[in-house]
Amino acid sequence: MKIGLGADHGGFRLKEDVKKHLLKLGHQVVDYGTDSTDSVDYPDYSEKVAKAVLAEEVERGILVCGTGIGIAIAANKVQGIRCATVSDVFSAKMCRQHNNCQIMALGERTVGPGLALELVDAFLAAEFEGERHERRVSKIMQLEK
Ligand code: RB5
């Protein structure tokens, strides 16, 4: 799978761990930055990854900031994007199965690297279940109009 990664300074280290993990599993990775722990603004990275997903440059996105909150809020402002902040494996799976999220957000300061990689695996393995969830996700997308 081709996966887009983005992080601010608060998520840089975890993004690097996620990148190594994905490459080891044989995925393709497009890294939209940031590339150090120097202070940056997380909405810039949300925008890059969200637009790459919509342009189908990548199939899924993973965003990381300190908490996974700000970077997810910003991604969800890009029309057509569904991004969830997750810190448990069940939610990482359900945000795909029920909510059809294209992007998952992680917090480097809230989730340890071991759990984070399990969250990534769960997110990438799960598929949207459609049916009644299709109607509900369509209603979410209608709210953008
Ligand atoms: C940056 O200090 C921090 O605010 C950011 O990484 C994130 O946690 C915001 O939601």
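Residue numbers run from 1 in the order of the sequence given. When a ligand or atom number is given, it counts from 1 through the structure's own listing order. The basis for the numbers below is simple: all heavy atoms, side chains too, and nothing from hydrogens, waters or symmetry mates.
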Backbone of [Y] reached by a side-chain donor or acceptor of [X] within 3.5 Å:
| X | Y | result |
| --- | --- | --- |
| R13 | E108 | no |
| R109 | T67 | no |
| R60 | K2 | no |

Which protein N or O atoms sit under 3.5 Å from any N or O of ligand 1? Give each pair with its distance.
from	atom 1	to	atom 2	distance (Å)
ligand 1	6 (O)	D8	OD1	3.4
ligand 1	6 (O)	D8	OD2	2.6
ligand 1	6 (O)	G66	N	2.8
ligand 1	8 (O)	G66	N	3.3
ligand 1	8 (O)	T67	N	3.0
ligand 1	8 (O)	T67	OG1	3.2
ligand 1	10 (O)	T67	OG1	3.3
ligand 1	10 (O)	G70	N	2.9

>> Please give me the minimum heavy-atom distance between L63 and Y45, naming the atom from each residue.
In response: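 What the structure gives for the nearest pair is CD2-O, 3.7 Å.
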>> Could you go through E129 and R136, starting from their C-alpha distance and side-chain angles, then the distance that decides it, and tell me whether this counts as salt bridge (Lys or Arg N to Asp or Glu O under 4.0 Å)?
In response: CA-CA 12 Å; E129 288 178 349; R136 293 162 187 166; over 6 Å; no
> Passes salt bridge (Lys or Arg N to Asp or Glu O under 4.0 Å), E47 versus K51? Steps please.
Replying inline: CA-CA 6 Å; E47 183 181 8; K51 289 189 171 168; 2.7 Å; yes
